[in-house]
Amino acid sequence: MVTTTTDTIAAIATPPGHGGVGIVRLSGTDTPVIAQQLLGRLPRQRRAEFHRFREDDGTLIDEGLVLYFEAPASFTGEHVLELHGHGGPVVMDSLLRRVLSLGARPARPGEFSERAFLNNKLDLAQAEAIADLIESATTVAARAAARSLQGEFSSRVHALVERLTRLRMYVEAAIDFPEEEIDFLSDDTITQMLAALHAEFADMRARTRQGRLLRDGMTLVIAGRPNAGKSSLLNALSGRDAAIVTEIPGTTRDVLREHIQIDGLPLHIIDTAGLHASDDPLDLAGMQRARRALEQADRVLLVIDDPSGFTAADAAILDALPQGVPHTLIFNKIDLSGRPAAISQDKGQSTVALSLHSGAGLELLRQHLKQCVGYSDQVVGSFSARCRHVDALRRAYEHVEAGQRQLQQQRAGELLAEELRQAQRVLGEITGEVSSDDLLGRIFSSFCIGK
């Protein structure tokens, strides 16, 4: 539950393990008092100072730099103190225990960012961008998160809300003053404003879809019969020998996972055991794990031995794939069959012919994977976005469309105005202007402790 508090929180703000520097961070009303007790005096604001950190009996814990930020000129909007010591786990734990003994309490995951949000230092989209920046898997994703953290995403949302507000004002004025005799259907102003709204929504939805892909990526599961080239495909896409490849069928018994990127698009690739009839307990266990992985896939790459052609066994695997999960047929070993590298579409079925031995057609597959999810490295200015942002923009757009239909079919300006109001409310969910404690609790609990 999200609550506004006056207590002081503390946490180790650097990753666990050994390092040259470790940081313990405090925030809250008692921070100046704790600083005086620990350091002997209150440090100067926004100046790095050298201090020794001691136990209550004077025993030296560590020595290092101290930074003090007085409210409201801090990240959280509260008094903040950072203790920079040597980055060993024993040292950091001892320093944290010391500040807790002086009156601070352990911070919950994401509580520093939560307080920054509650104190209007950043909005909800910016707070989420902090976690996205920390967790970025690619340089492109990190840049998108940085743009959101700087407020570009929020600014575009606010601009969209402003367009909705202006249109609402115009529509409601026409309703309130019928003597003006504005014909909603023939009024060019409303038509133009609705057209501008549609264009703005289209651009924002494209950018947020791209941003969600940059953050979450796509999960690919490689399936097929034994010795079709599944492990070779994993190695080719990852650019290293992640899986053992031999001429012996059934080399892969377990699920292998690799995380790579294609032009900034994160891919989570899962290589599975070959699917075939077997009584071997190891084979059966591997195939059971393979089927579980297939159910979690965003897309399945079904690898087929091209010289053998599409067999009844391949057809059985294809029929057994989970309903609703898209797939691509990968015809491998074209260097042996003589088929040229190609990509094709037939009745909605995507097919790629390639040779993992020679590399022919591999780039076609990479481009195909980007196209499958609508990813383009040519889209500039993408924002770091989450599923909830994409969903909120979709719902807001649907409200605008519903209002426009009511205007065209029923000449109902009142219903258009109401749908526009609902669209505004939905957009407010993105920045946190309209939010529930449950939503905020789920968001900030996913952050790391100390942030």
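Owing to the predicted nature of the structure, the values given are computational and were not obtained by experimental measurement.
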Between [Y] and [X], is there a salt bridge with N-O shorter than 4.0 Å?
X      : Y      : answer
Arg215 : Glu128 : no
Glu162 : Arg166 : yes
Arg207 : Asp203 : yes

Report yes if some heavy atom in the side chain of [X] is under 4.5 Å from a heavy atom in the side chain of [Y]; otherwise report no.
X      : Y      : value
Arg205 : Arg394 : yes
Leu267 : Thr219 : no
Val21  : Thr14  : no
His368 : Arg299 : yes
Val140 : Gln261 : no
His327 : Leu302 : no
Ile330 : Ile222 : no

Checklist outcome for this item: Value for CD (Glu200) from CG (Leu160), rounded to nearest 0.5 Å, stands at 5.5 Å
Next on the checklist: Angle between ring planes, His259 versus His268, binned at 30° and 60°: parallel, tilted or perpendicular?
Outcome noted: perpendicular
Checklist entry - Can Ser232 and Asn235 be counted as having a side-chain donor-acceptor contact under 3.5 angstrom? => result no
Item to check | Qualifying residue for side-chain contact (heavy atoms from CB on, under 4.5 Å) with Leu83, from Leu96, Ile12, Leu67, Leu95 | outcome: Leu95
Checklist entry - Counting heavy atoms not belonging to His198, are there more than 12 under 6.0 Å from its NE2? => result yes
Item to check | Arg143 atom CZ, over 12 foreign heavy atoms within 6.0 Å | outcome: no
